[in-house]
*Asks:* 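Sharing a structure here in structure tokens format.
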Protein chains: 2
Amino acid sequence: MGAGRVPLRYFLLGLLAQEPMSGYDIKQFLKQLGWLIGSPSCGSLYPALRALLKDGLATVDTTQSKGKPLRKVYTLTAAGKQALHRWLGLPATSFTLKDFAMRLLLANHLAPAQVIHHLRQRRADVADHQEHIERAIEVTGTTGSSGRRFALDYALALARAELAWLDGTLSALVRESSRSVVETAV
Amino acid sequence: MGAGRVPLRYFLLGLLAQEPMSGYDIKQFLKQLGWLIGSPSCGSLYPALRALLKDGLATVDTTQSKGKPLRKVYTLTAAGKQALHRWLGLPATSFTLKDFAMRLLLANHLAPAQVIHHLRQRRADVADHQEHIERAIEVTGTTGSSGRRFALDYALALARAELAWLDGTLSALVRESSRSVVETAV
DNA sequence: GCCCGCATGTAAGACGTTACATGATTAC
DNA sequence: GTAATCATGTAACGTCTTACATGCGGGC
């Protein structure tokens with residue numbers, strides 16, 4: 001696989017699981033999330049959708065509204081849902097920001113415990129990264145180019161912000177899930 | 001060009017401008033910056049270095065320390081420096097996080113005014129993105145999947161943090177550069 | 001004896017981007 | 001009439017990743 005990255009098709013599985021969509025719908029939906037994940041180009045999106053079809057992970061429903069171009073709405077099959085859950089559930093080796101964002105967006109397909117698990121893993125990764133940067137800053141001191149200091153400072157600021165968000169979200173989730181456990185118990 | 005992305009070779013130009021390095025050195029240096037930019041794989045790094053050679057943008061100096069494998073230290077030529085400045089100076093269409101980080105790391109090759117300009121441009125981009133996300137959050141309200149809410153919230157937190165860093169850094173830079181202008185005037 | 005760090009390199013393949021092509025409708 | 005939106009698709013291209021190959025030296 002091209003990288004440790006999430007190939008588009010896995011992500012599409014997740015989007016289609018929310019609700020059947022056409023290629024165009026998917027582009028609009030992602031555009032509307034701005035940068036975080038980014039909108040795939042036609043050249044990758046449409047072939048990826050057809051690949052799902054070919055692998056039996058989705059079915060199409062072509063509709064032709066009057067005066068509109070034809071739309072091909074894709075729906076996940078049982079096999080598709082299975083593939084999605086295989087992907088979401090499994091190891092999830094340290095993901096990049098974009099990969100993490102993709103999984104986050106698909107959080108509602110996971111049990112709360114799994115969401116918490118993913119967030120904790122990301123937390124550990126980011127904490128690692130932060131430490132790494134802090135060490136690099138210590139080592140550098142005032143030596144090194146100004147660019148290097150800028151970059152390290154920038155990296156540190158972003159890492160800290162992400163950690164703060166993760167901690168806040170995690171504690172909210174944990175509180176919520178423990179409450180629901182209590183409710184269930186009562 | 002594969003994407004709006006910075007191909008490795010431009011970035012290498014910037015790294016070699018700081019000081020002559022071997023491929024291995026470059027990997028170590030970037031690893032040490034952690035995630036921000038990421039360390040390129042051998043398969044992209046070594047060919048990219050030889051491409052610089054081929055284009056006359058760098059020269060090699062092969063050294064063989066006793067008992068060590070041979071090292072090929074690359075040095076920029078005048079043409080290489082020119083190419084770097086062409087790249088750094090020019091339009092710089094809206095860059096992704098990674099592209100921006102690359103340029104940031106190379107900030108010391110730019111005049112302070114240019115650095116400020118790049119930061120302002122990034123600021124504008126991030127502010128746009130933030131607004132975009134805020135609108136999306138308003139529109140969604142409590143509808144939409146929990147994953148979507150998570151992702152939007154996450155995106156917003158990161159955008160805010162980046163804006164804060166940019167504002168802080170910009171004001172420091174502007175203060176500094178105006179002081180030096182005053183000093184020059186005096 | 002084995003694995004890790006140093007150090008460079010190649011080949012095959014995956015992935016995605018740009019740019020182009022098509023075509024109807026709606027709004028200015 | 002000219003542009004933008006809806007909507008799908010193809011072809012060429014570039015870039016990067018993985019996995020492999022090579023080889024010496026030092027630490028356990």
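Here the structure is a predicted model, which is why all the values come from computation and not from measurement. Within every chain, numbering begins at 1; the chains are lettered A, B, ... in the order of the sequence lines, protein sequences first and strands thereafter.
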*Asks:* Could you check how far CZ of A:Arg9 sits from P of C:dG16, rounded to whole Å?
*Replies:* 8 Å

*Asks:* D:dA4 C1' sits how many Å from A:Lys31 NZ, rounded?
*Replies:* 12 Å

*Asks:* Using the salt bridge (charged side-chain N to carboxylate O under 4.0 Å, His left out) criterion, which residues pair with A:Glu131? Sequence neighbours excluded.
*Replies:* A:Arg135

*Asks:* Can A:Thr140 and A:Arg148 be counted as having a side-chain donor-acceptor contact under 3.5 angstrom?
*Replies:* yes

*Asks:* Would you kindly give the CG-to-P distance between A:Leu49 and D:dA7, to the nearest whole Å?
*Replies:* 14 Å

*Asks:* Please report, rounded to the nearest Å, how far the P atom of D:dA7 is from the CE atom of A:Met21.
*Replies:*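 A:Met21 atom CE is separated from D:dA7 atom P by 12 Å.
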
*Asks:* Mind calculating the distance between CG (B:Asp61) and P (C:dT8) to the nearest angstrom?
*Replies:* 12 Å

*Asks:* With sequence neighbours left out, write down each residue that passes salt bridge (charged side-chain N to carboxylate O under 4.0 Å, His left out) with B:Arg123, or none if nothing qualifies.
*Replies:* B:Asp167

*Asks:* If you check every side-chain atom of A:Arg50, which of D:dT10, D:dC16, C:dG16 has the closest atom?
*Replies:* D:dT10

*Asks:* Filter on ring pair (Phe, Tyr, Trp, His ring centres under 6.0 Å), then keep only pairs touching residues 134-155 of chain A, sequence neighbours left out; what's left?
*Replies:* A:Tyr154-B:Phe100, A:Tyr154-B:Trp165

*Asks:* Given atom OH of B:Tyr46 and atom C1' of D:dT15, what is their separation to the nearest angstrom?
*Replies:* 18 Å

*Asks:* In whole angstroms, how far is the C1' atom of D:dA4 from the OH atom of A:Tyr24?
*Replies:*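 Rounded to whole Å, this separation is 10 Å.
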
*Asks:* Give the angle between the helix axes at the two ends of the helix from C:dG1-D:dC28 to C:dC28-D:dG1, taking five base pairs at each end and rounding to 10°.
*Replies:*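 The angle, to the nearest 10 degrees, is 30°.
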
*Asks:* Using a heavy-atom cut-off of 4.0 Å across all strands, would you classify B:Gly43 as base, sugar-phosphate, or nothing?
*Replies:* base

*Asks:* Need to verify one output field. Residue with the more 5' nearest nucleotide on DNA chain D, A:Leu70 or A:Pro47?
*Replies:* A:Leu70

*Asks:* Once you round it to whole Å, what is the distance between P of D:dT8 and CD of A:Gln28?
*Replies:*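 Checked: the CD to P distance equals 10 Å.
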
*Asks:* Where the side chain of A:Pro7 is concerned, which of C:dT8, D:dT8, C:dC15 is the nearest nucleotide?
*Replies:* C:dC15

*Asks:* Are the charged groups of A:Asp25 and A:Arg71 less than 4.0 angstrom apart, N to O?
*Replies:* yes

*Asks:* With respect to the side chain of B:Ser41, which nucleotide from D:dT18, D:dG9, C:dC15 is positioned closest?
*Replies:* D:dT18

*Asks:* Partners of B:Asp61 by salt bridge (charged side-chain N to carboxylate O under 4.0 Å, His left out), sequence neighbours excluded?
*Replies:* none

*Asks:* Could you check which of D:dC6, C:dG16, D:dT15 has an atom nearest any side-chain atom of A:Leu8?
*Replies:* C:dG16

*Asks:* Closest approach to the side chain of B:Lys72, judged atom by atom: which nucleotide of D:dC6, D:dG9, C:dG9 is it?
*Replies:*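 Selected nucleotide (nearest to the side chain): C:dG9.
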
*Asks:* Checking contacts here: which listed nucleotide (D:dA7, C:dT17, C:dA7) is nearest the side-chain heavy atoms of A:Ser44?
*Replies:*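 Output: C:dT17.
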
*Asks:* Applying salt bridge (charged side-chain N to carboxylate O under 4.0 Å, His left out), can you list everything that pairs with B:Glu134, at least two apart in sequence or on another chain?
*Replies:* B:Arg160

